[in-house]
Number of protein chains: 2
Amino acid sequence: MRAVAMQPVQPMQIKPRLTIVVREDAAFEDATRKHGLCSTCQSHDRCLSATLHSTSGSPVDDLVTVRRRLRKGDAMYRAGDRFSALYVIRSGSCKTVLLDEHGQEQIVGYHMAGDIVGIDGIGTDHHECEAKMLEDTEVCSLPFEELERLARDDEVLQQNVHRLLAREIARARRLMLLLGTMRAEQRLAVFLLDLSERYLARGYSSCEFVLRMTREEIGSYLGLKLETVSRLLSRLVDEGLIRAEGRSIKLLDRMALRRLLEK
Amino acid sequence: MRAVAMQPVQPMQIKPRLTIVVREDAAFEDATRKHGLCSTCQSHDRCLSATLHSTSGSPVDDLVTVRRRLRKGDAMYRAGDRFSALYVIRSGSCKTVLLDEHGQEQIVGYHMAGDIVGIDGIGTDHHECEAKMLEDTEVCSLPFEELERLARDDEVLQQNVHRLLAREIARARRLMLLLGTMRAEQRLAVFLLDLSERYLARGYSSCEFVLRMTREEIGSYLGLKLETVSRLLSRLVDEGLIRAEGRSIKLLDRMALRRLLEK
DNA sequence: CGACTAGTTGAGGCCAGTCAATGTTGGTGG
DNA sequence: CCACCAACATTGACTGGCCTCAACTAGTCG
């Protein structure tokens, strides 16, 4: 696994009015141990504020969040856990896994810095998925009840909560289309192009990145077996569309990848 | 296609406090042409009130809805249409279809009386799916902006809106698991059992019902081809698990259907 | 070093797709 | 009434894409 060049490209311009106070988890071992506002967070631009910030000028109560640090392999929450908060990924990444009663298991989401995780707990008071860290990760929690309370006083925040949920629905639907209609090669192409876009949106290189998932996890996400994923990656390399050495991927011919989706 | 016995079984006990006034569409051709409250609607118990009703005692403004009647094959809305309202199905059923830019098309939802349709428009101001009637259908519209306004004054209504969206996410995720991990026979079994449960919840026979979708539509919903659906239905008949004559289905051995999911 | 995990590649099999013929049903018009 | 047609459904023969099983390599960790 090699390091990959990742320079921020275009920081977004966002002016949040919702003040968020960050408290740290008891187990938080940050050397600096800084308390402070969310707006001082380095991930701020591509985080919470982009999705949930309020633009209304009305004074809103502070939303107190707790920062947590998790290790690779840790579960942020498991299926059945009580739902109380959404989590914003400050740095790192995780997968969300859905299990059914017969032991069937599928990865239904891959989440990276700035993404909001835990939506599967809304409406039922308990989580339906398990969120498992793919690397060491820092998250900030957003107590959902408090968020609901704030949203009642703030139309824009309310709409942003709705947008957050709606986006999750749209994402799920796209994945349904992928699983229901696409061939294996197309699924993988969509996966790579999607990753590429998401890195771009976060200011990183869109053509060169390191996968955080194993072949098996990618397969689970795409409804394929790990051998199929491996074979297809090799094929894309042979055809000159990508370079792949272990988990580091370079997209060489994005146009050709897109053309795979047309057939 | 034969008529099938459908007696209400257990009406739900719900006491809505949110008053909803129903206006009728200009094109509405109901012989009776009754104006009135939503609570007088025959579908009331298994409709809106079960999902969106408010239990808080605080006085809330009336939500004015328009009733529309649609014919089989009509589109309630198309992809790209401006989103302004959710729709409650009073009677009838529809499918929601997602299309991608390459002409790939998949049915992502099947909705029957009492279901709320149009959620795909939330957050983006335009619909991402097309909703097409599977039979002559009556719907009531719920202007979403007004619903948002009411939800800001009513904690329970707010939570119910969240629950509505969350349920849609959960539904999508279950379908992802189905499409990603199950074999064709299992998918069909899940489909039949799910239909069965939904009819039961609406007070109809849970073991005998009439499909509203063609084999092709079922296939699109389950990520299969129509021939596969047809073959599998025949197989289930041969094995004595169901009876199927055209679109009328009778579940003969529900236990065996469930066992199919275990392997 | 051995044990383990992750990944690659090959051989073979099966499930579901494809293509095609035929049957069934419902609607329309002569 | 029947002839005709279109849409829907069934069934068979064949194909192929993906899965399964298996062998092997490379890297990591105790």
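Atoms considered below: every heavy atom in the structure, side chains included; atoms not considered: hydrogens, waters and symmetry mates. A note on names: the letters A, B, ... follow the listed sequences, proteins ahead of strands, and every chain is numbered from 1.
The stretch residues 92-100 of chain B does not touch DNA chain D, since none of its heavy atoms comes less than 4.0 Å from the strand.
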Donor-acceptor pairs under 3.5 angstrom involving side-chain atoms of residues 218-229 of chain B: please list them, not counting sequence neighbours.
residue	atom	partner	partner atom	Å
B:Ser220	OG	B:Ile107	N	2.9

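Under the side-chain contact (heavy atoms from CB on, under 4.5 Å) criterion, B:Arg254 pairs with B:Leu193, B:Ser196, B:Ser206, B:Cys207, B:Leu251, B:Arg258, not counting sequence neighbours. Residues passing the salt bridge (Lys or Arg N to Asp or Glu O under 4.0 Å) test with A:Asp253: none are found, sequence neighbours excluded. Residues forming a salt bridge (Lys or Arg N to Asp or Glu O under 4.0 Å) with A:Asp74 (at least two apart in sequence, or on another chain): none. Scanning for side-chain contact (heavy atoms from CB on, under 4.5 Å) contacts around A:Val117 gives A:Met76, A:Tyr77, A:Ile89, A:Cys94, A:Thr96, A:His111, A:Ala131, with sequence neighbours left out. With sequence neighbours left out, B:Ala166 forms a side-chain contact (heavy atoms from CB on, under 4.5 Å) with A:Ile122. By the salt bridge (Lys or Arg N to Asp or Glu O under 4.0 Å) test, A:Glu185 is found to be paired with A:Arg235, residues two or more places apart in sequence or in another chain being considered. The salt bridge (Lys or Arg N to Asp or Glu O under 4.0 Å) test applied to B:Asp100 returns no partner, not counting sequence neighbours.
At the heavy-atom level, B:Ser234 lies under 4.0 Å from the strands shown only through sugar-phosphate atoms.
OP1 or OP2 of C:dA6 has not a single side-chain nitrogen or oxygen of A:Arg247 nearer than 4.0 Å.
B:Glu217 places its CD atom 14 Å from the P atom of D:dA7, with the value rounded to the nearest Å. Per the geometry, CZ belonging to A:Arg212 stands 15 Å off P belonging to C:dA6, to the nearest Å. Distance B:Arg215 CZ to D:dC8 P: 12 Å, rounded to the nearest Å. Computed from coordinates, the A:Leu233 CG to C:dG7 C1' distance equals 10 Å when rounded to whole Å. Going from atom CD of A:Glu216 over to atom C1' of D:dT20 covers 14 Å, rounded to whole Å. Here D:dC18 presents its P atom at 11 Å from CG of A:Leu188, a figure rounded to the nearest Å.
The side chain to side chain donor-acceptor pair (under 3.5 Å) pairs that include a residue from residues 172-183 of chain B number zero, where partners must be two or more places apart or lie in different chains.
Side-chain polar atoms of B:Ser93 and B:Glu135 form a donor-acceptor pair below 3.5 angstrom.
Between the side chain of A:Asp115 and the backbone N or O of A:Met112 there is at least one donor-acceptor pair closer than 3.5 Å.
In the helix from C:dC1-D:dG30 to C:dG30-D:dC1, the end axes, each obtained as the rotation axis mapping the C1' atoms of four pairs onto the next four within a five-pair block, lie 30° apart to the nearest 10 degrees.
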Grab the N/O contacts between the protein and nucleotides 15-20 of chain C below 3.5 Å, and write none if there aren't any.
residue	atom	partner	partner atom	Å
C:dA16	OP1	B:Ala184	N	2.6
C:dG17	OP2	B:Lys225	N	3.3
C:dG17	OP2	B:Thr228	OG1	2.3
C:dT18	O4	B:Arg231	NH2	2.9
C:dC19	N4	B:Glu227	OE2	3.3

